[in-house]
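Here the structure is laid out as structure tokens; the discussion comes afterwards.
Below, chain A is the first sequence line, B the second, and so on; all start at residue 1. In this text the structure is predicted, and so the values were computed from the model without any measurement.
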Amino acid sequence: MVVAFVDDAGVTVEPQRTFTVHAFLAFVRAEEAARRDQRAPRWVWEDTASFYPLLLAADVRVQRCHDLRLCHTILRNSSLTQSSDLAAAAPGFWDAAPALEPTIRHQGTALFELQVEADPPVDTAPEFHRQLAAVAASAEPRRIRLLLAAESAGALVAAEMRFAGLPWDIARHESLLTRELGPRVPYGVRPERLEELAGTIRALLGDRTLNPDSQQDLLKALQNAGLPVTSTQQWHLKEVDHPVIEPLLHYRKLSRLLTANGWSWLDAWIVDGRFHAEYLPGGVVTGRWAARGGGALQLPKQVRGAVIADPGWTFVVADAAQLEPRILAALSADLAMARAGHDTDLYAGIVASGVVETRAHAKVAMLGAMYGATTGESGRLLPRLARAYPRALALTEAAARTGERGDIVTTRLGRSSPRPPDAWLAGQAQAYAASASGADERRARSQARDWGRFTRNFVVQGSAAEWALCWMAEIRQQLWLLDNTAPAAGLGPGIFASAPHLVFFLHDEIIVHTPIALAEQVTTLVGRAATSAGKLLFGDFPVDFPLTVATVANYADAK
DNA sequence: CACAAGCGCCAC
DNA sequence: AAACGTGGCGCTTGTG
């Protein structure tokens, strides 16, 4: 492996060196240890997800990195760097999907199974220089630089969380399954409780062969039994008065538990008592993370009782209270809205200001403003919200109009929305042609509004994702410092064996797994990190980012 | 046989 | 009450 040494401007400061894999691991370990009290090195590499697991498997953590692939995507699309050489170049290697990463399900994986370098090896220096140039020439270098740092730190966090894993109590999960579904059965066989319910449903609908898993069959059977239904969705079925509805909804609930988080899921995803979720930083266009396999970002509340801290350890579970409306208040510099959330639940503050009558109304109206609701309760309440918070609502409206025109919008730190697809542009163009029919125009208007709702939400969701990245990066750094108070901690075998560490992330919520004795310190630093994240994004604008924090041994007790 | 679309439901 | 954003995933069903 080849390591080049450059300064912040990308200028070579030492001759490059070539290492074997094992020598490289020792080198990184030594560099991180030697500079622990100074400014740590920033490792510039192609792709954290394929590279960092190698280091973690060898018990080596790094403090900082620059993920060329993730940063390239941001710079390629950002309105803040649109005149750079990087953005102008034809799509190439750095725009392609990353190579298939090595599979590391747990720390027992042997080193020789890991692919260290791309084949053929990638020359990272030219791309790094293009990126530095794009940042330097940006209209907002401070923001875009912060975004790249936060995105890269997020990639480190994602790899570390996958490596450490979320503690999972298989016995407790299995007892839940047995209690709800009956004894374990082989894959493909209906568990006892589901079979009983299927029988009840068939009898009540007079259809001996009905498969309740088939939406088509089910809809026909319901209609044949005289029920006035056009879909089999839960909310729809709940409005119908018939004896079959209760067992049917129960069947659906249990079936979901079996297929999404049943015995097969346990077998596939829980290794050594840990759920090693694979997060995909930057996996969503808005900058949110996605996840692959195991449904890490959709863990049902129903199974969270199986998330149990190790003996002598506990969880600090923290979620940002009303994150997106607070982000909107700060983005739009809407002082009235920021004040409504000062020292209180933001929705309660809106009620206290006399804008709407109940917290539920405040919430549905705010969500409607951010998602683009036009009808129902939310649509009715919007005008009152717009009177009380004109700046905030003007921002969401402007973002929607921008999208309807086919233009792009940009988050606080500089992530821009994609351009609409060609089919969308063609549809809009067609609606203006002389030959356009009324149907063409209606379709084009409808598609324009759809894209407007996307850009409307993009600004808020994407800026909230940036806040969350900064929050996590700060938590990670502070946990590292806490860890460093112990001699040589973090750099020996089992790097997360004795120190508090992040184990879960869900858009606006984190879990730290920590020795009980350190839980109070962790709680304090997580709260401070939220404040720091707010300052990084919005400077001195007076917006609060309060957390709901719980110290619990069982995730299900967090809320 | 593999794969994709449509549906439904989980999370935020 | 049910239309309003971002996703992943498992099932059935249709198609190549």
Side-chain angles (χ1 to χ4, degrees), chain A residues 187-188 190 194 210-220 230-239 248-249 251-262 264-265 268-269 277-304 319-325 327-328 360-361 363-382 396 399-400 403 409 411 415 417-418 446 449-465 467-468 504-510 555 559:
Chain A
Y187 178 80
R190 272 208 190 90
L194 271 176
L210 173 67
N211 172 11
D213 295 320
S214 165
Q215 192 266 345
Q216 290 181 13
D217 286 5
L218 185 60
L219 187 57
K220 278 187 206 125
T230 53
S231 113
T232 67
Q233 286 172 54
Q234 274 179 43
W235 68 264
H236 201 146
L237 294 179
K238 279 176 188 162
E239 293 182 333
L248 182 53
L249 292 176
Y251 181 92
R252 278 271 174 83
K253 184 86 185 153
L254 293 186
S255 176
R256 169 79 191 182
L257 174 63
L258 173 69
T259 57
N261 298 101
S264 307
W265 182 88
W269 291 101
E278 183 186 1
Y279 296 97
L280 305 174
V284 179
V285 279
T286 58
R288 272 190 178 183
W289 289 9
R292 178 162 55 202
L297 299 182
Q298 332 150 226
L299 277 187
K301 297 214 159 66
Q302 200 182 9
V303 303
R304 293 184 182 183
D319 86 77
Q322 308 91 41
L323 177 59
E324 291 196 349
I327 291 289
L328 173 59
H361 281 177
K363 183 172 180 177
V364 78
M366 275 306 315
L367 293 176
M370 293 185 295
Y371 291 163
T374 53
T375 62
E377 186 93 80
S378 186
R380 276 199 301 282
L381 293 167
L382 275 179
T396 59
V409 295
T411 59
R415 194 184 312 256
S417 62
S446 161
R449 279 194 301 269
D450 288 347
W451 198 260
R453 281 193 300 276
F454 165 58
T455 53
R456 172 198 293 270
N457 187 250
F458 184 97
V459 182
V460 177
Q461 187 183 113
S463 299
W467 181 91
F504 193 61
F505 171 61
L506 196 51
H507 307 310
D508 61 359
E509 171 176 353
I510 55 95
Y555 186 20
K559 211 162 37 169

For atom NZ of A/K253 and atom C1' of B/dG8, their distance in whole Å: 13 Å
Taking atom C1' of C/dG5 as reference, at what distance in whole Å does atom NZ of A/K363 sit? 15 Å
From C/dT6, B/dC12, B/dA11, nucleotide with atom closest to A/E509 side chain: B/dC12
So A/T374, base contact, sugar-phosphate only, or nothing? Heavy-atom distance under 4.0 Å. sugar-phosphate
Looking only at side-chain N and O atoms, does A/K301 come under 4.0 Å of OP1 or OP2 in B/dC12? yes
Measure from NE2 on A/H361 to P on C/dA1 and round the result to the nearest Å. 11 Å
If you look at every strand shown and take non-hydrogen atoms under 4.0 Å, does A/L367 touch a base, only sugar-phosphate, or nothing? nothing
With heavy atoms under 4.0 Å as the rule, sort A/T232 into base, sugar-phosphate or nothing. sugar-phosphate
Just to be sure I understand the rule, does A/G368 reach a base, reach only the sugar-phosphate, or reach nothing, if contact means heavy atoms closer than 4.0 Å? nothing
Is there a donor on the side chain of A/R288 or the base of B/dC12 sitting less than 3.5 Å from an acceptor on the other? yes
Using a heavy-atom cut-off of under 4.0 Å over every strand shown, decide if A/R304 touches base, sugar-phosphate, or nothing. sugar-phosphate
Proximity to the side chain of A/L506 - top-ranked nucleotide from C/dT6, C/dC4, B/dC12: B/dC12
What is the distance from CZ of A/R449 to P of C/dG5, rounded to the nearest Å? 12 Å
Please name the pair of heavy atoms, one in A/W451 and one in A/P418, separated by the smallest distance, quoted to 0.1 Å. CZ2-O, 3.6 Å
Could you measure between the two C1' atoms, the one in C/dC4 and the one in B/dC12, and give it in whole Å? 14 Å
Would you indicate, yes or no, if B/dC10 has its OP1 or OP2 atom less than 4.0 angstrom from a side-chain nitrogen or oxygen of A/Q234? yes
Just call it for A/R456: base, sugar-phosphate, or nothing, with non-hydrogen atoms closer than 4.0 Å on any strand. nothing
How is A/E239 classified with respect to the nucleic acid when contacts are heavy atoms under 4.0 Å: base, sugar-phosphate, or nothing? sugar-phosphate
Counting primed atoms plus P, OP1 and OP2 as sugar-phosphate and everything else as base, spell out the protein contacts along nucleotides 7-16 of chain C at 4.0 Å heavy-atom distance: B, S or - for each nucleotide, 5' to 3'. BBSSSSS---
Atom CZ of A/R288 and atom CZ of A/R415: how far apart are they, to the nearest 0.5 Å? 12.5 Å
Any A/Q461 side-chain N or O less than 4.0 Å from OP1/OP2 of C/dT6: no
